[in-house]
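Working notes for the structure below.
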2 protein chains.
Amino acid sequence: MSKKVFITDDHFMVIEGIRSLLQNEQDIEWLGHAMSAAACLEFLENQLPDVLLMDINLPDQKGTILCKKVKDKYPQVQILGLSTYDQQSIVRNMLNNGASGYLLKNASKEELLEAIEVVMAGGEYLCMEVAESLKQRMIEKPVITKREQEVLRLICDGLTNPEIAEKLFISLPTANTHRKSLLKKFEARNVASLVKMAIEAGLV
Amino acid sequence: MSKKVFITDDHFMVIEGIRSLLQNEQDIEWLGHAMSAAACLEFLENQLPDVLLMDINLPDQKGTILCKKVKDKYPQVQILGLSTYDQQSIVRNMLNNGASGYLLKNASKEELLEAIEVVMAGGEYLCMEVAESLKQRMIEKPVITKREQEVLRLICDGLTNPEIAEKLFISLPTANTHRKSLLKKFEARNVASLVKMAIEAGLV
DNA sequence: GAAGTTATCATCCAAAAAGATGATTTTAAA
DNA sequence: TTTAAAATCATCTTTTTGGATGATAACTTC
(Lines give C-alpha, C1' and ligand atoms only; values in the text may rest on other atoms or scores of the structure.)
Protein backbone atom coordinates (compact mmCIF):
# COMPACT_ATOMS: atom_id res chain seq x y z
CA MET A 1 0.00 0.00 0.00
CA SER A 2 1.62 3.21 -1.13
CA LYS A 3 1.59 6.41 0.85
CA LYS A 4 -0.47 9.13 -0.75
CA VAL A 5 1.24 12.48 -0.48
CA PHE A 6 -0.20 15.88 -1.30
CA ILE A 7 1.44 19.26 -0.91
CA THR A 8 0.05 22.73 -0.35
CA ASP A 9 2.62 25.42 -0.92
CA ASP A 10 2.73 28.63 -2.87
CA HIS A 11 6.38 28.27 -3.82
CA PHE A 12 6.72 26.38 -7.02
CA MET A 13 10.37 25.67 -6.34
CA VAL A 14 9.51 23.85 -3.15
CA ILE A 15 6.77 21.82 -4.78
CA GLU A 16 9.06 20.94 -7.62
CA GLY A 17 11.91 20.16 -5.29
CA ILE A 18 9.91 17.85 -3.08
CA ARG A 19 8.17 16.20 -5.99
CA SER A 20 11.54 15.52 -7.52
CA LEU A 21 12.77 14.13 -4.21
CA LEU A 22 9.83 11.78 -3.94
CA GLN A 23 9.24 10.82 -7.54
CA ASN A 24 11.61 7.88 -7.46
CA GLU A 25 10.23 6.46 -4.25
CA GLN A 26 8.38 3.24 -4.96
CA ASP A 27 5.96 3.39 -2.07
CA ILE A 28 4.93 6.98 -2.43
CA GLU A 29 2.06 8.13 -4.57
CA TRP A 30 2.19 11.78 -5.53
CA LEU A 31 -1.33 13.15 -5.56
CA GLY A 32 -0.32 16.61 -6.70
CA HIS A 33 -0.25 20.06 -5.23
CA ALA A 34 -2.31 23.08 -4.33
CA MET A 35 -0.93 26.57 -4.17
CA SER A 36 -3.48 28.06 -1.81
CA ALA A 37 -5.54 27.05 1.18
CA ALA A 38 -8.72 27.27 -0.85
CA ALA A 39 -7.33 25.02 -3.57
CA CYS A 40 -6.20 22.60 -0.89
CA LEU A 41 -9.65 22.33 0.71
CA GLU A 42 -11.21 21.94 -2.69
CA PHE A 43 -8.90 19.07 -3.52
CA LEU A 44 -9.58 17.31 -0.24
CA GLU A 45 -13.28 17.13 -1.02
CA ASN A 46 -12.51 14.73 -3.82
CA GLN A 47 -9.51 12.84 -2.57
CA LEU A 48 -7.71 12.35 0.73
CA PRO A 49 -3.94 11.94 1.04
CA ASP A 50 -2.32 10.00 3.85
CA VAL A 51 0.15 12.77 4.43
CA LEU A 52 -0.41 16.43 3.70
CA LEU A 53 2.65 18.63 3.49
CA MET A 54 1.61 22.16 4.26
CA ASP A 55 3.44 25.44 4.05
CA ILE A 56 2.57 27.82 6.84
CA ASN A 57 2.80 30.89 4.66
CA LEU A 58 -0.03 30.67 2.20
CA PRO A 59 -1.35 33.60 0.21
CA ASP A 60 -4.97 33.34 1.32
CA GLN A 61 -4.81 31.83 4.77
CA LYS A 62 -2.43 31.04 7.57
CA GLY A 63 -1.15 27.48 7.60
CA THR A 64 -2.09 27.08 11.23
CA ILE A 65 -5.74 27.83 10.50
CA LEU A 66 -5.83 25.60 7.45
CA CYS A 67 -4.25 22.91 9.57
CA LYS A 68 -7.03 23.10 12.12
CA LYS A 69 -9.73 23.11 9.45
CA VAL A 70 -8.30 20.07 7.72
CA LYS A 71 -7.78 18.15 10.93
CA ASP A 72 -11.32 18.88 12.13
CA LYS A 73 -12.84 17.67 8.90
CA TYR A 74 -10.44 14.85 8.02
CA PRO A 75 -8.75 13.63 11.19
CA GLN A 76 -7.22 10.68 9.37
CA VAL A 77 -5.01 12.96 7.30
CA GLN A 78 -1.58 13.39 8.85
CA ILE A 79 -0.24 16.91 8.45
CA LEU A 80 3.39 17.88 8.18
CA GLY A 81 4.11 21.59 8.58
CA LEU A 82 6.63 23.19 6.27
CA SER A 83 8.49 26.44 6.46
CA THR A 84 11.81 28.02 5.72
CA TYR A 85 12.59 29.19 9.20
CA ASP A 86 11.81 27.66 12.51
CA GLN A 87 9.69 30.03 14.47
CA GLN A 88 8.90 28.32 17.73
CA SER A 89 5.54 29.96 18.15
CA ILE A 90 4.31 28.77 14.77
CA VAL A 91 5.67 25.28 15.25
CA ARG A 92 3.87 25.02 18.55
CA ASN A 93 0.72 26.39 16.99
CA MET A 94 0.82 23.86 14.18
CA LEU A 95 1.30 21.01 16.62
CA ASN A 96 -1.50 22.33 18.80
CA ASN A 97 -3.74 22.50 15.76
CA GLY A 98 -3.22 18.87 14.99
CA ALA A 99 -0.11 18.73 12.85
CA SER A 100 1.92 15.58 13.33
CA GLY A 101 5.24 17.07 12.48
CA TYR A 102 7.26 19.91 11.15
CA LEU A 103 9.93 20.18 8.50
CA LEU A 104 12.15 22.96 7.36
CA LYS A 105 12.31 23.37 3.63
CA ASN A 106 15.97 22.60 3.65
CA ALA A 107 15.29 19.23 5.18
CA SER A 108 17.14 16.37 3.57
CA LYS A 109 15.46 13.68 1.54
CA GLU A 110 16.12 11.30 4.40
CA GLU A 111 14.34 13.56 6.83
CA LEU A 112 11.41 13.99 4.48
CA LEU A 113 11.01 10.26 3.97
CA GLU A 114 11.40 9.52 7.64
CA ALA A 115 8.89 12.21 8.50
CA ILE A 116 6.32 10.74 6.12
CA GLU A 117 7.00 7.29 7.48
CA VAL A 118 6.71 8.35 11.10
CA VAL A 119 3.57 10.45 10.86
CA MET A 120 1.80 7.81 8.77
CA ALA A 121 2.49 5.40 11.62
CA GLY A 122 0.79 7.83 13.95
CA GLY A 123 3.97 9.29 15.35
CA GLU A 124 5.27 12.81 15.62
CA TYR A 125 8.23 14.08 13.65
CA LEU A 126 10.24 17.23 13.98
CA CYS A 127 13.19 17.81 11.71
CA MET A 128 16.52 18.11 13.38
CA GLU A 129 16.86 21.86 13.42
CA VAL A 130 13.36 22.40 14.77
CA ALA A 131 13.69 19.75 17.42
CA GLU A 132 17.06 21.14 18.46
CA SER A 133 15.69 24.62 18.55
CA LEU A 134 12.64 23.58 20.56
CA LYS A 135 14.86 21.71 22.95
CA GLN A 136 17.08 24.76 23.29
CA ARG A 137 14.12 26.86 24.32
CA MET A 138 13.21 24.21 26.83
CA ILE A 139 16.44 24.72 28.68
CA GLU A 140 15.46 27.33 31.19
CA LYS A 141 18.44 29.54 31.54
CA PRO A 142 18.56 31.34 34.84
CA VAL A 143 18.93 35.10 34.92
CA ILE A 144 22.56 35.82 35.60
CA THR A 145 24.23 39.16 36.05
CA LYS A 146 26.90 40.64 33.83
CA ARG A 147 29.64 39.85 36.28
CA GLU A 148 28.40 36.30 36.62
CA GLN A 149 28.54 35.93 32.86
CA GLU A 150 32.17 36.97 32.88
CA VAL A 151 32.97 34.54 35.63
CA LEU A 152 31.02 31.80 33.90
CA ARG A 153 33.01 32.24 30.75
CA LEU A 154 36.27 32.07 32.65
CA ILE A 155 35.15 28.97 34.51
CA CYS A 156 34.30 27.33 31.19
CA ASP A 157 37.77 28.21 29.99
CA GLY A 158 39.12 26.23 32.88
CA LEU A 159 40.25 29.05 35.16
CA THR A 160 40.33 28.42 38.91
CA ASN A 161 39.09 30.83 41.54
CA PRO A 162 42.53 32.34 42.22
CA GLU A 163 43.04 32.87 38.49
CA ILE A 164 39.61 34.40 38.01
CA ALA A 165 40.21 36.71 40.96
CA GLU A 166 43.47 37.90 39.45
CA LYS A 167 42.01 38.34 36.00
CA LEU A 168 39.02 40.36 37.17
CA PHE A 169 40.92 42.26 39.87
CA ILE A 170 38.70 40.96 42.62
CA SER A 171 39.45 39.03 45.75
CA LEU A 172 39.40 35.28 45.91
CA PRO A 173 36.32 35.15 48.15
CA THR A 174 34.46 37.32 45.67
CA ALA A 175 35.36 35.12 42.74
CA ASN A 176 34.23 32.21 44.83
CA THR A 177 30.95 33.94 45.65
CA HIS A 178 30.20 34.43 41.98
CA ARG A 179 31.05 30.82 41.27
CA LYS A 180 28.78 29.64 44.01
CA SER A 181 25.93 31.87 42.94
CA LEU A 182 26.26 30.45 39.43
CA LEU A 183 26.09 26.92 40.78
CA LYS A 184 23.00 27.86 42.73
CA LYS A 185 21.23 29.61 39.87
CA PHE A 186 21.91 26.77 37.47
CA GLU A 187 21.08 24.20 40.15
CA ALA A 188 24.34 22.52 39.23
CA ARG A 189 26.16 20.24 41.62
CA ASN A 190 29.60 21.19 40.37
CA VAL A 191 31.45 22.88 37.52
CA ALA A 192 31.13 19.85 35.30
CA SER A 193 27.34 20.19 35.29
CA LEU A 194 27.61 23.94 35.14
CA VAL A 195 29.80 23.96 32.04
CA LYS A 196 27.59 21.46 30.28
CA MET A 197 24.46 23.46 31.04
CA ALA A 198 26.07 26.73 30.02
CA ILE A 199 27.15 25.27 26.69
CA GLU A 200 23.75 23.72 26.06
CA ALA A 201 22.03 26.98 26.91
CA GLY A 202 24.26 28.71 24.40
CA LEU A 203 25.79 30.98 27.01
CA VAL A 204 29.34 30.21 26.06
CA MET B 1 28.05 46.46 -11.56
CA SER B 2 26.05 43.31 -11.15
CA LYS B 3 27.52 39.99 -10.12
CA LYS B 4 27.44 37.44 -12.89
CA VAL B 5 26.49 34.03 -11.56
CA PHE B 6 26.62 30.71 -13.39
CA ILE B 7 25.81 27.27 -12.05
CA THR B 8 26.99 23.82 -12.98
CA ASP B 9 24.86 21.12 -11.47
CA ASP B 10 23.15 18.03 -12.77
CA HIS B 11 20.15 18.37 -10.48
CA PHE B 12 17.50 20.44 -12.09
CA MET B 13 15.78 21.04 -8.81
CA VAL B 14 18.88 22.67 -7.37
CA ILE B 15 19.38 24.84 -10.40
CA GLU B 16 15.76 25.87 -10.31
CA GLY B 17 15.85 26.45 -6.60
CA ILE B 18 18.91 28.64 -6.66
CA ARG B 19 17.77 30.51 -9.71
CA SER B 20 14.51 31.23 -7.98
CA LEU B 21 16.39 32.36 -4.90
CA LEU B 22 18.52 34.77 -6.90
CA GLN B 23 16.07 35.99 -9.51
CA ASN B 24 14.77 38.83 -7.41
CA GLU B 25 18.19 40.09 -6.45
CA GLN B 26 18.90 43.37 -8.16
CA ASP B 27 22.65 43.08 -8.31
CA ILE B 28 22.87 39.53 -9.54
CA GLU B 29 22.92 38.61 -13.19
CA TRP B 30 21.96 35.02 -13.88
CA LEU B 31 24.06 33.73 -16.74
CA GLY B 32 22.40 30.35 -16.84
CA HIS B 33 23.40 26.78 -16.08
CA ALA B 34 25.29 23.77 -17.31
CA MET B 35 24.43 20.24 -16.33
CA SER B 36 27.80 18.67 -16.98
CA ALA B 37 31.47 19.53 -16.71
CA ALA B 38 31.79 19.51 -20.49
CA ALA B 39 28.89 21.89 -20.91
CA CYS B 40 30.38 24.11 -18.25
CA LEU B 41 33.78 24.36 -19.96
CA GLU B 42 32.07 25.00 -23.26
CA PHE B 43 30.10 27.86 -21.78
CA LEU B 44 33.16 29.42 -20.21
CA GLU B 45 34.83 29.72 -23.62
CA ASN B 46 32.22 32.26 -24.59
CA GLN B 47 31.43 34.03 -21.34
CA LEU B 48 32.94 34.28 -17.88
CA PRO B 49 30.90 34.58 -14.71
CA ASP B 50 32.18 36.30 -11.59
CA VAL B 51 31.02 33.45 -9.44
CA LEU B 52 30.67 29.86 -10.53
CA LEU B 53 28.54 27.61 -8.37
CA MET B 54 29.67 24.06 -8.90
CA ASP B 55 28.26 20.76 -7.78
CA ILE B 56 30.92 18.25 -6.89
CA ASN B 57 28.96 15.30 -8.21
CA LEU B 58 28.76 15.75 -11.95
CA PRO B 59 27.89 12.98 -14.37
CA ASP B 60 30.99 13.23 -16.50
CA GLN B 61 33.68 14.53 -14.18
CA LYS B 62 34.46 15.09 -10.57
CA GLY B 63 33.81 18.60 -9.35
CA THR B 64 37.28 18.81 -7.85
CA ILE B 65 38.90 18.19 -11.22
CA LEU B 66 36.62 20.59 -13.02
CA CYS B 67 37.41 23.12 -10.33
CA LYS B 68 41.13 22.82 -10.97
CA LYS B 69 40.69 23.04 -14.73
CA VAL B 70 38.56 26.15 -14.51
CA LYS B 71 40.83 27.85 -12.01
CA ASP B 72 43.93 27.12 -14.11
CA LYS B 73 42.36 28.57 -17.21
CA TYR B 74 40.29 31.38 -15.70
CA PRO B 75 41.80 32.36 -12.35
CA GLN B 76 39.54 35.39 -12.13
CA VAL B 77 36.45 33.20 -11.76
CA GLN B 78 35.54 32.59 -8.14
CA ILE B 79 34.30 29.09 -7.51
CA LEU B 80 31.81 28.06 -4.88
CA GLY B 81 31.56 24.32 -4.26
CA LEU B 82 28.14 22.80 -3.78
CA SER B 83 27.04 19.49 -2.38
CA THR B 84 24.36 17.88 -0.32
CA TYR B 85 26.57 16.50 2.38
CA ASP B 86 29.72 17.84 3.86
CA GLN B 87 32.49 15.39 3.22
CA GLN B 88 35.61 16.90 4.70
CA SER B 89 37.94 15.32 2.20
CA ILE B 90 36.06 16.76 -0.74
CA VAL B 91 35.73 20.18 0.82
CA ARG B 92 39.47 20.25 1.42
CA ASN B 93 40.11 19.07 -2.10
CA MET B 94 37.92 21.76 -3.59
CA LEU B 95 39.64 24.44 -1.55
CA ASN B 96 43.04 23.06 -2.50
CA ASN B 97 42.01 23.13 -6.13
CA GLY B 98 41.21 26.79 -6.00
CA ALA B 99 37.62 26.98 -4.82
CA SER B 100 36.87 30.06 -2.74
CA GLY B 101 34.10 28.56 -0.74
CA TYR B 102 31.72 25.76 -0.12
CA LEU B 103 27.98 25.59 0.37
CA LEU B 104 25.62 22.84 1.25
CA LYS B 105 22.56 22.66 -0.93
CA ASN B 106 20.36 23.33 2.02
CA ALA B 107 22.10 26.61 2.62
CA SER B 108 19.77 29.52 3.24
CA LYS B 109 19.30 32.36 0.82
CA GLU B 110 21.23 34.55 3.21
CA GLU B 111 24.17 32.19 3.17
CA LEU B 112 24.09 31.97 -0.60
CA LEU B 113 24.05 35.73 -1.02
CA GLU B 114 26.73 36.24 1.57
CA ALA B 115 28.88 33.57 -0.02
CA ILE B 116 28.63 35.22 -3.43
CA GLU B 117 29.40 38.58 -1.87
CA VAL B 118 32.39 37.31 0.05
CA VAL B 119 34.07 35.28 -2.68
CA MET B 120 33.61 38.09 -5.19
CA ALA B 121 35.48 40.33 -2.79
CA GLY B 122 38.30 37.80 -2.83
CA GLY B 123 37.40 36.18 0.46
CA GLU B 124 36.70 32.62 1.45
CA TYR B 125 33.28 31.40 2.51
CA LEU B 126 32.21 28.17 4.12
CA CYS B 127 28.59 27.68 5.02
CA MET B 128 27.86 27.18 8.66
CA GLU B 129 27.56 23.43 8.70
CA VAL B 130 30.76 22.90 6.75
CA ALA B 131 32.74 25.37 8.79
CA GLU B 132 31.43 23.82 11.98
CA SER B 133 32.24 20.38 10.74
CA LEU B 134 35.72 21.35 9.63
CA LYS B 135 36.33 22.97 12.97
CA GLN B 136 35.13 19.83 14.67
CA ARG B 137 37.66 17.76 12.80
CA MET B 138 40.31 20.23 13.80
CA ILE B 139 39.77 19.41 17.44
CA GLU B 140 42.20 16.62 17.95
CA LYS B 141 40.43 14.23 20.21
CA PRO B 142 42.78 12.06 22.17
CA VAL B 143 42.42 8.30 22.03
CA ILE B 144 40.58 7.29 25.15
CA THR B 145 39.69 3.82 26.30
CA LYS B 146 36.22 2.42 26.74
CA ARG B 147 36.36 2.78 30.48
CA GLU B 148 37.57 6.32 30.18
CA GLN B 149 34.64 7.11 27.93
CA GLU B 150 32.24 5.85 30.57
CA VAL B 151 33.94 7.89 33.25
CA LEU B 152 34.03 10.93 30.98
CA ARG B 153 30.30 10.74 30.44
CA LEU B 154 29.66 10.47 34.16
CA ILE B 155 31.94 13.40 34.87
CA CYS B 156 30.05 15.46 32.31
CA ASP B 157 26.84 14.53 34.08
CA GLY B 158 28.26 16.05 37.21
CA LEU B 159 29.14 12.93 39.16
CA THR B 160 31.97 13.10 41.68
CA ASN B 161 34.67 10.49 42.11
CA PRO B 162 32.90 8.69 44.95
CA GLU B 163 29.70 8.57 42.92
CA ILE B 164 31.48 7.33 39.81
CA ALA B 165 33.24 4.67 41.86
CA GLU B 166 29.93 3.46 43.23
CA LYS B 167 28.23 3.51 39.87
CA LEU B 168 30.95 1.55 38.09
CA PHE B 169 31.68 -0.76 41.00
CA ILE B 170 35.28 0.36 41.25
CA SER B 171 37.26 1.86 44.07
CA LEU B 172 37.61 5.57 44.58
CA PRO B 173 41.31 5.63 43.69
CA THR B 174 40.51 3.89 40.42
CA ALA B 175 37.82 6.36 39.51
CA ASN B 176 40.29 9.06 40.34
CA THR B 177 42.94 7.47 38.16
CA HIS B 178 40.60 7.45 35.20
CA ARG B 179 39.69 11.05 35.84
CA LYS B 180 43.29 12.07 35.98
CA SER B 181 44.21 10.15 32.87
CA LEU B 182 41.39 11.92 31.04
CA LEU B 183 42.69 15.28 32.20
CA LYS B 184 46.13 14.33 30.97
CA LYS B 185 45.00 13.01 27.62
CA PHE B 186 42.86 16.06 26.93
CA GLU B 187 45.55 18.34 28.32
CA ALA B 188 42.82 19.89 30.42
CA ARG B 189 43.60 21.73 33.62
CA ASN B 190 40.37 20.73 35.32
CA VAL B 191 36.93 19.29 34.73
CA ALA B 192 35.60 22.57 33.44
CA SER B 193 38.01 22.48 30.51
CA LEU B 194 37.53 18.76 30.15
CA VAL B 195 33.75 18.98 29.85
CA LYS B 196 33.97 21.80 27.35
CA MET B 197 36.45 19.91 25.20
CA ALA B 198 34.47 16.70 25.39
CA ILE B 199 31.31 18.46 24.26
CA GLU B 200 33.10 20.29 21.46
CA ALA B 201 34.69 17.06 20.31
CA GLY B 202 31.25 15.50 20.20
CA LEU B 203 32.16 12.85 22.73
CA VAL B 204 29.18 13.51 24.94
C1' DG C 1 14.54 58.00 50.56
C1' DA C 2 13.33 53.21 51.06
C1' DA C 3 13.74 48.75 48.89
C1' DG C 4 16.00 45.74 46.01
C1' DT C 5 19.81 44.18 43.30
C1' DT C 6 24.59 43.81 42.34
C1' DA C 7 29.22 43.49 43.47
C1' DT C 8 32.24 43.23 46.83
C1' DC C 9 34.62 41.01 50.87
C1' DA C 10 35.10 37.79 55.08
C1' DT C 11 35.52 33.37 57.96
C1' DC C 12 34.94 28.61 58.75
C1' DC C 13 35.00 23.98 57.17
C1' DA C 14 34.38 19.51 54.93
C1' DA C 15 34.60 17.36 50.51
C1' DA C 16 36.56 16.83 46.23
C1' DA C 17 40.00 17.43 42.87
C1' DA C 18 44.46 17.21 41.08
C1' DG C 19 49.49 16.10 41.10
C1' DA C 20 53.17 12.62 42.01
C1' DT C 21 54.49 7.80 42.11
C1' DG C 22 54.21 3.08 42.17
C1' DA C 23 52.20 -1.48 41.84
C1' DT C 24 49.21 -5.52 40.45
C1' DT C 25 46.09 -7.95 37.47
C1' DT C 26 43.67 -8.63 33.37
C1' DT C 27 43.25 -8.45 28.53
C1' DA C 28 44.64 -7.87 23.88
C1' DA C 29 48.04 -7.85 20.33
C1' DA C 30 52.38 -9.02 18.05
C1' DT D 1 54.77 -16.30 24.63
C1' DT D 2 56.53 -12.09 25.33
C1' DT D 3 55.07 -7.41 25.05
C1' DA D 4 52.06 -3.77 25.49
C1' DA D 5 48.02 -1.58 26.91
C1' DA D 6 44.09 -1.24 29.95
C1' DA D 7 42.05 -1.48 34.29
C1' DT D 8 42.56 -1.87 38.78
C1' DC D 9 44.14 -0.27 43.52
C1' DA D 10 47.14 2.35 46.95
C1' DT D 11 49.35 6.33 49.61
C1' DC D 12 50.43 10.93 50.21
C1' DT D 13 50.02 16.10 49.70
C1' DT D 14 48.47 20.51 48.18
C1' DT D 15 45.07 23.10 46.01
C1' DT D 16 40.50 23.94 44.79
C1' DT D 17 35.65 23.44 45.47
C1' DG D 18 31.53 24.09 47.32
C1' DG D 19 28.34 24.88 51.46
C1' DA D 20 26.83 27.93 55.32
C1' DT D 21 26.42 32.59 56.81
C1' DG D 22 26.95 37.33 57.24
C1' DA D 23 28.26 42.03 56.08
C1' DT D 24 29.10 46.40 53.41
C1' DA D 25 29.16 49.71 49.63
C1' DA D 26 27.31 51.09 45.09
C1' DC D 27 23.82 51.49 41.95
C1' DT D 28 18.86 51.15 40.41
C1' DT D 29 14.20 51.48 40.75
C1' DC D 30 10.03 52.78 42.60
Side-chain angles (χ1 to χ4, degrees), chain A residues 135-204, chain B residues 135-204:
Chain A
K135 203 184 76 184
Q136 284 249 334
R137 309 284 158 146
M138 288 310 192
I139 298 171
E140 35 182 300
K141 8 184 169 180
V143 183
I144 59 175
T145 69
K146 223 167 159 185
R147 201 52 157 173
E148 284 165 350
Q149 273 186 42
E150 293 182 77
V151 174
L152 177 57
R153 206 152 297 165
L154 295 178
I155 289 175
C156 288
D157 283 340
L159 300 216
T160 64
N161 275 333
E163 291 165 338
I164 292 171
E166 194 189 6
K167 193 141 204 170
L168 298 182
F169 305 107
I170 55 181
S171 74
L172 196 149
T174 303
N176 200 27
T177 301
H178 290 313
R179 170 189 292 262
K180 285 184 283 193
S181 99
L182 281 167
L183 288 172
K184 203 157 210 170
K185 286 188 178 179
F186 275 87
E187 297 180 62
R189 330 175 53 203
N190 48 39
V191 271
S193 294
L194 179 64
V195 171
K196 196 179 168 200
M197 290 178 186
I199 291 176
E200 280 173 353
L203 290 173
V204 276
Chain B
K135 203 184 77 184
Q136 284 246 336
R137 308 286 157 146
M138 287 309 192
I139 299 170
E140 35 182 299
K141 8 186 167 177
V143 183
I144 59 174
T145 70
K146 224 167 159 185
R147 201 53 156 173
E148 284 166 348
Q149 273 186 43
E150 293 182 77
V151 175
L152 178 56
R153 206 152 295 164
L154 295 178
I155 289 175
C156 288
D157 283 340
L159 300 216
T160 64
N161 276 332
E163 290 166 338
I164 292 170
E166 194 189 4
K167 193 141 205 171
L168 298 181
F169 305 108
I170 56 180
S171 73
L172 195 148
T174 303
N176 201 27
T177 302
H178 289 313
R179 170 188 292 261
K180 285 182 283 192
S181 99
L182 281 167
L183 287 172
K184 204 158 209 172
K185 285 189 177 178
F186 275 86
E187 297 180 60
R189 330 176 53 203
N190 49 39
V191 271
S193 294
L194 180 63
V195 171
K196 195 180 169 200
M197 291 179 186
I199 292 176
E200 281 174 352
L203 290 173
V204 276

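So you know, we letter chains A, B, ... as the sequences are listed, proteins then strands, and number each from 1.
Annotation: the span from B:L154 atom CG to B:I164 atom CD1 amounts to 5.5 Å, rounded to 0.5 Å. The structure places OG of A:S193 at 8.0 Å from CG of B:L159, a figure rounded to the nearest 0.5 Å.
Applying the salt bridge (Lys or Arg N to Asp or Glu O under 4.0 Å) rule to pairs touching residues 163-177 of chain A yields A:E163-B:R189, sequence neighbours excluded. Note on residues 169-184 of chain B: no pairs pass salt bridge (Lys or Arg N to Asp or Glu O under 4.0 Å), not counting sequence neighbours.
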Is there any protein nitrogen or oxygen under 3.5 Å from a nitrogen or oxygen in nucleotides 28-30 of chain C, and what are the pairs?
none

Where protein sits on nucleotides 23-30 of chain D, one letter per nucleotide: B base, S sugar-phosphate only, - none, heavy atoms under 4.0 Å: --------

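In this structure, CG of B:L182 is placed 13 Å from P of C:dG19, rounded to the nearest angstrom. The CZ atom of B:F169 sits 17 Å away from the P atom of D:dA7 (whole-angstrom rounding). Between the P atom of C:dT26 and the CZ atom of B:R147 lies a distance of 15 Å, rounded to the nearest Å. Summarising the geometry, the separation between CZ on A:R189 and P on C:dA15 is reported as 15 Å, rounded to the nearest angstrom. In this structure, NZ of B:K184 is placed 11 Å from C1' of C:dA18, rounded to the nearest angstrom. If you measure from atom NZ of B:K146 to atom P of C:dT27, you get 12 Å, rounded to the nearest angstrom. For A:I155 and C:dA17, the CD1 to C1' distance is 15 Å, given to the nearest whole Å. Rounded to a whole Å, the CG atom of B:L194 is 9 Å from the P atom of C:dA18.
Put simply, the side chain of A:L182 reaches to within 4.5 Å of the side chain of A:I155, judged on heavy atoms.
Contact annotation: A:S171 does not reach the phosphate of C:dT8 (side-chain N/O to OP1 or OP2, under 4.0 Å).
Shown for residues 172-181 of chain B: residues whose heavy atoms fall under 4.0 angstrom of DNA chain C, namely B:N176, B:R179, B:K180. Within residues 158-168 of chain A, no residue places a heavy atom under 4.0 Å from DNA chain C.
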Side-chain donor/acceptor pairs under 3.5 Å, residues 142-149 of chain B, sequence neighbours excluded:
residue: B:T145; atom: OG1; partner: B:E148; partner atom: N; Å: 3.2
residue: B:T145; atom: OG1; partner: B:E148; partner atom: OE1; Å: 3.4
residue: B:R147; atom: NH1; partner: B:E150; partner atom: OE2; Å: 3.1
residue: B:R147; atom: NH2; partner: B:L168; partner atom: O; Å: 3.2
residue: B:E148; atom: OE1; partner: B:T145; partner atom: N; Å: 2.8
residue: B:E148; atom: OE1; partner: B:K185; partner atom: NZ; Å: 2.8
residue: B:E148; atom: OE2; partner: B:S181; partner atom: OG; Å: 2.6
residue: B:E148; atom: OE2; partner: B:K185; partner atom: NZ; Å: 3.4

Please set out all donor-acceptor pairs under 3.5 angstrom arising from side-chain atoms of residues 170-178 of chain B, sequence neighbours excluded.
residue: B:S171; atom: OG; partner: B:T174; partner atom: N; Å: 3.4
residue: B:S171; atom: OG; partner: B:T174; partner atom: OG1; Å: 2.9
residue: B:N176; atom: OD1; partner: B:N161; partner atom: ND2; Å: 2.9
residue: B:T177; atom: OG1; partner: B:P173; partner atom: O; Å: 2.8

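Picking from D:dA10, C:dA7, C:dT8 the nucleotide with the shortest atom distance to the side chain of A:I170 gives C:dT8. Proximity note for A:L183 (side chain, C-beta onward) versus C:dA7, C:dA18, D:dG18: the nearest is D:dG18.
Exactly one of B:N190, B:L194, B:V191 qualifies for a side chain to side chain contact (heavy atoms under 4.5 Å, CB included) with A:V191. That residue is B:V191.
Computed from C1' positions of five pairs at each end, the angle between the two local axes of the helix from C:dG1-D:dC30 to C:dA30-D:dT1 equals 60°, rounded to 10 degrees.
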